[in-house]
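By convention in this document, chain letters (A, B, ...) are assigned in the order of the sequence lines, proteins followed by strands, and residues within each chain are numbered from 1.
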Amino acid sequence: MKIATWNVNSLTVRLPQVLDWLAANPVDVLCLQELKLSDDKFPLQELEAAGYQSAVFGQKTYNGVAILSRTPARNIVKNITGFTDEQSRVIAATLDMPTGEVRVVNGYFVNGQSPGSEKFEYKMKWLESLRNWLREELAEHPNLVLLGDFNITADDRDTYDAEGLRETIHHTTEERQHFQALVKLGLNDAFRMFDQPEKSYSWWDYREMAFRRNRGLRIDHILVSEALKPLVRSCVIDKLPRKNERPSDHVPVVLELDSL
DNA sequence: ATGACTTCTGTGAGAAGA
């Protein structure tokens, strides 16, 4: 089975590109972030016509996440249990596959603006709450995938300028410690389980021809639990949609699992 | 270089993203 993540930066603008991508990449599950629309504006019918059901946690203007799947999602949880949040950033669901079930946790992690800001403090509290909740989710669901826009580079390989951007947002020691704390829960960075091209990124700024110059960051991640780790067949970044007209600044990351 | 580009709201110009 295949599970993918894509920050679409407005589903209103990007729906045609999402439908095109799904036609070319008929994954079992597609997790979206930054819908930037309320639930009543979500294009349920269009996606259903493409063969996908949707579990949606929208928000007007900002944030918003959804899980699209070929089979029904059940046991849907919105946001981090035990953490009060005005912003729609997490949706989790269980998907039944022919040989078992998988728990999918889709997150649009806090950006954090800059170290020391109030938004950075919110990011730190959000990450700690996420970890504490995931510990419980993992105990209940051994087959778990955590994926989405983490807004964190895991290490220096994930940035086009490790020296110049050291300790700036997405690159701070504190953020990377949070990432490693998630790994320590038994969540493996699927992308790094394989040899990958150097300078592989999932996001490029719209400005300064950043994509053409490959000045990007790898901040969209797929982490798999210990039980799923032996089943991971591949994890790849699909850069193609960044060449579209009016592209999202992020591109999809796709995980392939055996037997599920 | 407190920029650059894109989205949102709402119909201006500013906020937010990363």
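Mapping A:Tyr206 and A:Leu217 onto DNA chain B via the closest heavy atom, the residue that lands nearer the 5' end is A:Tyr206. Where A:Lys36 and A:Glu208 each meet DNA chain B at their nearest nucleotide, the meeting point lying more 5' is that of A:Glu208.
In summary, the aromatic rings of A:His221 and A:Phe179 are positioned with their centroids under 6.0 Å apart.
A:Glu86 places its CD atom 18 Å from the C1' atom of B:dA16, with the value rounded to the nearest Å. Summarising the geometry, the separation between NZ on A:Lys119 and P on B:dA18 is reported as 11 Å, rounded to the nearest angstrom. Across the protein-nucleic acid pair, A:Phe211 atom CZ and B:dT6 atom P stand 14 Å apart, rounded to whole Å.
Residue A:Arg14 is classed as a sugar-phosphate contact, given heavy-atom separations below 4.0 Å to backbone atoms only.
Considering only side-chain N and O atoms, A:Asn63 lies nowhere under 4.0 angstrom from the phosphate OP1 or OP2 of B:dA16.
Judged by atom type and distance alone, A:Asn111 reaches the base of B:dA18 through a side-chain donor-acceptor pair under 3.5 Å.
In this structure, the nucleotide among B:dC5, B:dT9, B:dA16 sitting nearest to the side chain of A:Arg207 is B:dC5. Each of B:dA18, B:dT9, B:dC8 was ranked by its minimum atom distance to the side chain of A:Lys60; first place goes to B:dT9. Distance from the side chain of A:Ile219 is smallest for B:dA18 among the nucleotides B:dA18, B:dT7, B:dT9.
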